[in-house]
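Only one structure is covered here, and it is reproduced in the block below.
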Number of protein chains: 2
Amino acid sequence: MQIGSKFTIGVHIITAIDYFKDMDRVNSEFLAGSIGVNPVIVRTVISQLREAGLVKTQRGSSGAELAKPLNEITLYDIYKAVGSVDEKEGLFHFHEQPNPDCPVGRNIHSVLDQRLMDAQKALEERLKTTTLADIAEDTKQAVGNESNEKKE
Amino acid sequence: MQIGSKFTIGVHIITAIDYFKDMDRVNSEFLAGSIGVNPVIVRTVISQLREAGLVKTQRGSSGAELAKPLNEITLYDIYKAVGSVDEKEGLFHFHEQPNPDCPVGRNIHSVLDQRLMDAQKALEERLKTTTLADIAEDTKQAVGNESNEKKE
DNA sequence: AATAGTTGTAATATATCGTGTTACAACTCT
DNA sequence: AGAGTTGTAACACGATATATTACAACTATT
């Protein structure tokens, strides 16, 4: 089971909005072309990013821009914004009908829950350590390396 | 998106095999009753646990037993055994057709991959810190607390 | 003000996957 | 030999991720 691609799409969107901010009009169609998905998918994800206060868009007005500096946006913010993991359900799906008449069945939930939550937290804390400024920088560097490779 | 319940079912199975090892015949039907799922689900998960060298079962012969001491089985071992996350694909589903003609599109994958892997690793390392001996102990203690509550 | 283009969102379609269930051959134990 | 269990294939079903169509609401431009 995997965390949906809306998360990496969200990262791609913000990276591209920054990268092309002075060059192209960054609208949903442009982004869809860069990402390789349907423009409606892009608009859906952007809506979620907007609700989370990460980007600014306006109905009718073409183009999106960032609502925050890149170094204040972490991978976790995007992960959260696009609802990668349901808040209530959590990352781990627990079997739903453990038998209350069985000592193991009626206690397994309380015994396991905290440890599963800890593991999920470990994942999420790690996502907080990377900002979109890191991603943007690495991207520009990767693009730079491309031209070096051509020269050689 | 969630990690499937086969993981918590696997934990439940091993905990129950240990808990009832001297009391009942722990076969797939018994376990299915405790977990609250179909016996075939139990047999499927047990098959995966057996292939991973965690439990021992025999065709025709009723009952399952552990192949390792509890303190040598971690949550991660079970997570891995039941294939909670596909080895090749990883925990995060990347959008599959970023545009190679776009500087962001053709670099986003390499820029992000390592960081996503790091986050997944953080989750998995955390799962390694809990052994099934911990779970078994906590379960027995929880059962003990139940009878205390009755007294009061 | 009228036109063209864009966003936001609902509605629908399709494919994939988790889970449930039936069925049965292979096997063990008594 | 008979009863019971495991291992596994096959199929059903519902949930969900993603794609796509459609259109109202809105902006910018002429």
Side-chain angles (χ1 to χ4, degrees), chain A residues 1-10 12-13 17 24-33 35-52 55-65 67 79 81-86 88-89 91-98, chain B residues 1-10 12-13 17 24-33 35-52 55-65 67 79 81-86 88-89 91-98:
Chain A
M1 196 77 285
Q2 291 189 292
I3 288 172
S5 60
K6 281 165 68 181
F7 172 52
T8 60
I9 290 172
H12 192 140
I13 286 172
I17 289 175
D24 295 80
R25 262 197 332 183
V26 186
N27 60 24
S28 67
E29 194 155 355
F30 176 89
L31 287 168
I35 297 167
V37 296
N38 192 287
V40 178
I41 305 288
V42 173
R43 296 205 284 269
T44 305
V45 174
I46 283 189
S47 282
Q48 295 179 292
L49 297 175
R50 174 169 32 76
E51 279 162 28
V55 305
K56 284 186 286 189
T57 57
Q58 270 191 57
R59 180 171 237 147
S61 173
S62 180
E65 52 184 312
Y79 160 96
V82 303
S84 296
V85 169
D86 185 284
K88 285 187 182 175
E89 301 290 340
L91 176 59
F92 296 94
H93 184 198
F94 216 104
H95 52 289
E96 284 161 11
Q97 278 132 7
Chain B
M1 195 76 285
Q2 291 189 291
I3 287 172
S5 60
K6 281 165 69 181
F7 172 52
T8 60
I9 290 173
H12 192 139
I13 286 172
I17 289 175
D24 295 80
R25 261 198 331 183
V26 187
N27 59 26
S28 67
E29 194 154 355
F30 176 88
L31 288 168
I35 297 167
V37 297
N38 192 285
V40 178
I41 305 286
V42 173
R43 296 205 284 269
T44 305
V45 175
I46 283 191
S47 282
Q48 295 179 292
L49 298 176
R50 175 170 31 76
E51 280 162 27
V55 306
K56 284 186 286 188
T57 57
Q58 271 190 59
R59 181 170 238 148
S61 174
S62 180
E65 51 184 313
Y79 160 96
V82 303
S84 295
V85 169
D86 185 284
K88 285 187 183 175
E89 302 290 340
L91 176 59
F92 296 94
H93 184 199
F94 216 104
H95 52 288
E96 284 161 10
Q97 279 132 7

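We name chains A, B, ... by the order of the sequence lines, and we start the count at 1 in each one. Side chains are part of it too, since the values below use all heavy atoms of this structure and drop only hydrogens, waters and symmetry mates.
A search for side chain to side chain donor-acceptor pair (under 3.5 Å) contacts involving A/S84 returns nothing, not counting sequence neighbours. Evaluation of the side chain to side chain donor-acceptor pair (under 3.5 Å) rule for A/E96 yields A/H93 as partners, not counting sequence neighbours. Applying the side chain to side chain donor-acceptor pair (under 3.5 Å) test to A/S5 and every residue at least two apart in sequence or in another chain returns nothing.
The overall bend of the helix from C/dA1-D/dT30 to C/dT30-D/dA1, read as the angle between its terminal helix axes built from five base pairs each, is 20° when rounded to 10 degrees.
Considering OG1 of B/T8 and CD1 of B/I3, their distance stands at 10.5 Å, rounded to 0.5 Å.
Regarding B/I46, its CD1 atom lies at a distance of 7 Å from the P atom of D/dG7, rounded to whole Å. For the pair B/E89 CD and C/dT16 P, the interatomic distance rounds to 13 Å; values are reported in whole Å. As a whole-Å value, the separation of B/I9 CD1 from C/dT19 P is 7 Å. Rounded to whole angstrom, the span from the CD atom of B/Q48 across to the P atom of D/dG7 amounts to 12 Å.
With C/dT6, C/dG8, C/dT19 as the candidates, the nucleotide lying closest to the side chain of A/R25 is C/dT6. Here the nucleotide nearest the side chain of A/V37, chosen from D/dG7, D/dT5, D/dA19, is D/dA19.
Here A/H93 reaches the OP1 or OP2 of C/dT19: one of its side-chain N or O atoms lies under 4.0 Å away.
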N/O donor to acceptor pairs below 3.5 angstrom from side-chain atoms of residues 41-51 of chain A, sequence neighbours left out:
| from | atom 1 | to | atom 2 | distance (Å) |
| --- | --- | --- | --- | --- |
| A/R43 | NH1 | A/S28 | OG | 3.2 |
| A/T44 | OG1 | A/V40 | O | 2.8 |
| A/S47 | OG | A/R43 | O | 3.1 |
| A/S47 | OG | A/R50 | NH2 | 3.1 |
| A/Q48 | OE1 | A/K6 | NZ | 3.1 |
| A/R50 | NE | A/T57 | OG1 | 3.0 |

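Ring geometry, A/F7 versus A/Y79: the interplanar angle exceeds 60°, so the pair is classed perpendicular (tilted spans 30 to 60°).
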> Just by protein heavy atoms under 4.0 Å, how would nucleotides 22-30 of chain C read 5' to 3' in B, S and -?
Replying inline: BB--BBSS-

